[in-house]
Structures are given as C-alpha cells and as structure tokens.
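To keep things clear, I will list the structure first and then write my remarks on it.
In listed order, ligands and their atoms are each counted from 1. All residue numbers in this chain count up from 1 along the given sequence.
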Amino acid sequence: MKVLVVDAGGRGNAIAHAFSRSDKVEKVYVAPGNAGSEFFPKCEQVKEVPSIRAIEDIVKFAKKADVDLVYIGPEEPLSLGIVDRLEEEGIPAVGPKKEATILEASKCWCKDFLRRIGVPIPEYRNFDDPEEAKEFVREWYESGKGNVVVKADGLAAGKGVFVCDSLDEALFAIDEIMVRKRFGRAGERIVIEERLYGVEVAFTAISDGKTVKPFGHAKDYKRAFDPDDIDGMREFYIGFMRKFITKEEAERLYREGKLLNPNTGGMGAVSPHPKVDDEIERKIMELVVEPVIDNFRRVEGKVFKGVLYPVIMLVEEEGEIVPKVLEINVRDCDPGAEAKLPRLETDMAELALAVIEGELEDVEVKFSPDYCVAVCAVSGALKGREGLKPGYPADHYTSQPIEGIEEAMKIATIYANGIAKPNGYVTTGGRVLTVVGRGRTLEEAREKAYSALSKIRFPGMRYRRTIGLPDVPD
Ligand code: AMP
Ligand code: GLY
C-alpha cells in the first residue's frame with residue numbers, strides 16, 4: 001500500500017511513522033512534510049507540494065503517485081474541502097468532509113449544537129455586536145460570577161482564545177477580536193463563556209461515521225514557560241515589549257502576576273493523560289463523543305469520518321467528575337499526537353482502511369500501557385541582525401543550524417515540527433523538534449526525553465523542563 005499524509009509538522013511525521021510500522025505499507029509520502037519526514041523508513045517528503053493549502057497540488061500528486069489513501073493532519077485543508085476534492089477523484093481519504101468541519105470552524109455553532117443535544121459545556125453566550133458583548137461581561141463581573149473566556153468564532157490558528165483574569169482583560173479581548181479585528185472575519189462573532197477550573201484533557205476518538213472508538217488521550221502543555229522560569233519570561237518580555245527590565249523588576253512583575261507567560265500551540269504532551277482512567281474515558285465517550293457523532297448524523301444529517309478531538313475540562317460537581325467540552329477539533333492534536341501515536345499498537349493502515357470502508361466496528365483500537373513524554377524544542381529569544389526577538393510563540397529567528405539530532409535519536413523518537421536540510425539541518429519555524437521519550441513509567445519516559453534533548457543544540461533553543469512532572473500547571 002502507498003499512503004499520503006498531508007501535514008507540515010510534527011503531528012504529520014508521527015502519523016507517517018505510525019503508517020511506516022505497518023507491514024501492509026510500502027511507501028509513506030508526507031506533503032509538504034519537512035526534512036524530518038525522512039527520519040523514518042519508507043517515508044518521503046513531497047517537495048513539489050508547497051503547502052497544506054495547495055489542495056490541487058496535493059490531489060495531483062496523489063493521482064500521480066497512485067496512492068491508496070490520504071490521511072489529513074491539520075484543520076485548514078479539511079475546512080477548505082480537501083476530502084471532498086479527493087473523493088471526487090476517487091481517492092479514499094481519512095478526515096471529515098468540508099461540511100463536517102463546522103464543529104471546529106465555528107465555535108458559536110458548535111456551542112449551540114452541544115447545548116441542543118445536551119452535552120456538558122460551560123455557561124456561554126454568542127455575540128455579533130461588541131457593545132452588547134461588553135455590556136454582558138460588565139454585568140457578569142458585577143454579579144461576581146467569576147472569570148470569562150472570550151473566543152473568536154472562526155479558525156485563528158489557536159490564537160483566538162483569551163482566558164481572562166479580570167473585566168479589563170475581557171474588554172480588551174472583545175476589542176482585539178471584534179473592533180481591531182485581529183483575526184479578520186474569524187472574529188465577526190465571538191463566544192463568551194464561563195472560565196472553568198479543573199483538569200484539562202486532550203481527548204481523541206476515531207470514527208467511520210457510524211462507529212466511534214477512543215483514539216488515545218494526552219495532557220497538553222500550553223504555556224510557553226515553566227511556572228517559575230522568571231529568566232525565560234523576562235527575556236520574552238524584553239523582546240516582546242521592546243523594553244528593558246532588570247532582574248529585580250522581572251521578579252516584582254512575576255510576584256504581581258504581570259510577567260507574561262503566553263499560551264502557545266503546545267510545548268509538550270504526556271500520553272496517556274495521568275489523570276484519565278478507564279472510568280473517565282468511558283464517561284467522556286458516553287457523555288460527549290457518542291452523542292456528538294450520533295446527533296451530527298441523525299439531527300444535522302452530517303457524517304463525521306476521521307479523528308474527533310474534544311478539549312475537555314474535568315470539573316467536580318457535587319462529588320462527581322463531569323467532562324465539560326471547551327471546544328471540538330476535527331483532527332488530531334499537536335503535540336498530543338506525537339505523544340499518543342508511538343503507543344498505538346493497532347496497525348495504522350488497517351485502522352485507516354476501516355474508517356474509509358465503514359468497518360471500524362471490527363477493529364480493536366489498542367495502545368501500549370507505556371508512557372510517552374513529548375517535549376518541544378522551540379525557537380526562543382535570540383539576538384541577531386534584527387535585534388532581540390522574543391521567540392515562540394511571538395517573533396523568532398529561523399535558519400539556525402541544529403546539531404545533535406542523530407545522537408538524540410539513539411535515545412528517543414524525534415518528530416520534526418519545522419526543519420529543513422539545505423546542507424545540515426536548520427530551523428524553519430517556532431516549534432522546531434518534538435522529542436519523545438518512552439518508558440514503563442512516566443518518570444522513565446521523562447528521563448529519556450530530557451536526556452535526548454540534552455544532545456541537541458541550536459542558537460536560541462528553548463524548552464520547558466517540567467513536562468510530565470506531577471502537579472505542574474499545563
Ligand atoms: P480552545 O481553543 O477553546 O481549546 O481554548 C484554548 C485553551 O484555552 C484551552 O486549551 C484551555 O486551556 C483554555 N480554555 C478555553 N476555554 C476555557 C474555559 N471555558 N475555561 C478555562 N479555560 C479555557
Ligand atoms: N495542542 C493544541 C491543538 O492541537 O489544538
């Protein structure tokens with residue numbers, strides 16, 4: 001079998017690696033992939049596809065290479081209708097059709113849908129008028145209901161969510177999204193919802209449209225810095241604000257909770273999620289995943305085929321753990337997939353074919369009980385020709401030479417997020433490498449990941465040191 005994986009980053013390389021472990025698979029193409037796509041046997045980067053958005057180039061390549069199936073990683077090509085286009089050409093694909101991507105592409109629609117079908121969610125309201133939204137949050141804060149989260153309705157590359165600590169922050173978020181239109185049309189509408197506190201889970205399930213099965217879960221670390229990394233946050237602050245602050249000032253800002261620790265697309269992940277047992281998994285399937293897939297088909301007349309990734313907050317209510325949905329994604333998580341997929345024991349090709357053919361019921365989706373700890377090495381603060389740049393998730397330098405990848409590979413699995421190989425390896429993005437350690441215990445997996453990371457060097461390299469430690473905030 002020949003497989004084409006569509007993705008540019010670490011998640012795509014983890015998917016390709018999973019396919020490469022199947023005896024049925026002779027070749028795995030990754031489009032556009034990156035230089036790290038070729039770390040694994042049978043895998044080849046497709047350089048003639050310029051980006052994940054180049055739908056027609058992808059279709060053309062799939063036909064030319066005569067692939068048996070296409071597996072799509074990111075939401076963008078899915079919401080552009082890549083699955084519809086491939087199927088028109090008679091090429092089977094794993095991923096939802098365009099009409100089914102509304103679950104992720106409109107947060108307002110998704111919340112209304114979840115409420116209608118009785119899935120547990122935070123209290124929320126949708127707005128298309130900034131003044132009404134501001135009035136609502138003023139009343140919310142006056143009545144002492146706690147904090148809110150403000151979200152742009154549409155796709156904003158993970159940046160359209162403002163988790164607020166005060167009324168001022170909520171008003172700022174509304175202005176950013178609706179008045180200054182930071183996310184363009186994605187911000188024409190917003191959701192304002194109750195901020196929940198609890199255990200967050202990156203939960204995934206896979207469906208052929210009829211049957212849906214758990215597809216592993218992870219704890220996703222989103223903050224750019226470890227909670228006590230004052231030096232790191234200070235450098236970021238100086239680079240971001242273009243304003244020098246002394247160590248003493250940084251410490252004061254830190255104590256006042258004013259030193260920035262921005263949210264990112266992910267700095268690391270642990271799978272399985274240490275707080276999710278069989279009972280909680282069952283609860284999430286029964287209360288969230290199954291109703292979503294069933295009602296989507298029965299009530300909305302839309303079939304969901306592919307990977308469903310609800311972001312869940314486990315909250316305690318009257319002594320019971322309730323899984324509340326923060327959002328739904330129509331694809332696998334990143335870097336959660338890098339921590340989950342090395343543990344997949346089911347043959348990836350068999351699983352993909354079962355999804356395509358509607359025979360998922362007959363396949364057992366099985367994961368190893370081992371732990372995987374995935375740590376992202378990112379392009380951090382660096383002084384160069386254009387002065388000091390703060391680093392990921394803000395502005396960063398690229399084209400920095402990377403050393404030590406081969407050494408690190410002897411200890412851990414490496415999924416490249418953003419690298420090229422003009423001669424030696426160089427950085428091309430904010431997230432650069434995701435290093436995945438594996439072990440019988442979480443501690444062993446952590447030790448492997450960090451020991452491999454210690455072999456890798458590039459100018460500005462930064463990573464969190466607390467991934468997988470118990471009770472560290474994510
Ligand atoms: P989302 O894109 O909706 O998953 O939001 C991104 C991140 O914001 C989530 O992973 C959470 O960490 C946080 N978040 C979103 N909604 C809420 C909420 N209602 N309460 C607390 N945190 C939230
Ligand atoms: N790591 C968050 C996401 O994949 O959406």
Near [X] [atom1], under 6.0 Å, is it more than 12 heavy atoms from other residues, nucleotides or ligands?
X      : atom1 : result
Lys305 : NZ    : yes
Lys98  : NZ    : no
Phe240 : CZ    : no

Going by heavy atoms, is Met313 under 4.0 Å from ligand 1? yes
Which residue and non-hydrogen atom of the protein lie closest to [atom], and at what distance in Å?
atom                    : value
atom 23 (C) of ligand 1 : Leu326 CD1, 3.7 Å
atom 20 (N) of ligand 1 : Leu196 N, 2.8 Å
atom 19 (N) of ligand 1 : Glu193 OE2, 2.7 Å
atom 13 (C) of ligand 1 : Val163 CG2, 3.7 Å
atom 2 (O) of ligand 1  : Glu327 OE1, 2.9 Å
atom 11 (C) of ligand 1 : Glu200 OE1, 3.1 Å
atom 6 (C) of ligand 1  : Val161 CG1, 3.9 Å

Please tabulate, one line per pair, the protein N or O atoms found under 3.5 Å from any N or O atom of ligand 2, giving the distance to one decimal.
unit_1, atom_1, unit_2, atom_2, d
ligand 2, 1 (N), Asp220, OD2, 2.7
ligand 2, 1 (N), Gly265, O, 2.8
ligand 2, 1 (N), Asp334, O, 2.7
ligand 2, 4 (O), Arg331, NH1, 3.0
ligand 2, 4 (O), Asp334, N, 3.0
ligand 2, 4 (O), Asp334, O, 3.4
ligand 2, 5 (O), Arg331, NH1, 3.3
ligand 2, 5 (O), Arg331, NH2, 3.1

Looking only at the side chains, is there a donor atom on one of Arg223 and Thr264 sitting less than 3.5 Å from an acceptor on the other? no
Looking only at the side chains, is there a donor atom on one of Asn147 and Tyr141 sitting less than 3.5 Å from an acceptor on the other? yes
Would you call the rings of Trp140 and Phe136 parallel, tilted or perpendicular if under 30° counts as parallel and over 60° as perpendicular? tilted
Below 30° counts as parallel, above 60° as perpendicular, anything between as tilted: where do the rings of Tyr415 and His17 land? tilted
With Arg465 as the cation and Phe225 as the aromatic partner, state whether NZ or CZ is under 6.0 Å from the six-membered ring centre and within 45° of the axis. no
Please determine if Arg21 forms a cation-pi arrangement with Phe19, meaning its NZ or CZ atom is less than 6.0 Å from the six-membered ring centre and no more than 45° off the ring axis. no
Within a strict 4.5 Å, meaning less than it, do heavy atoms of the Glu327 and Glu104 side chains meet? no
Geometry only, no angles: is Lys151 polar-contacting ligand 1 at N/O separations under 3.5 Å? yes
Numbered atoms of ligand 1 (with element) below 4.0 Å of Val149, judged on heavy atoms: 16 (N), 17 (C), 18 (C), 19 (N), 20 (N)
I need the atoms of ligand 1 closer than 4.0 Å to a non-hydrogen atom of Arg195, numbered in the order shown. 20 (N), 21 (C)
Spacing of CZ belonging to Arg138 relative to CG belonging to Leu171, to within rounding of 0.5 Å: 5.5 Å
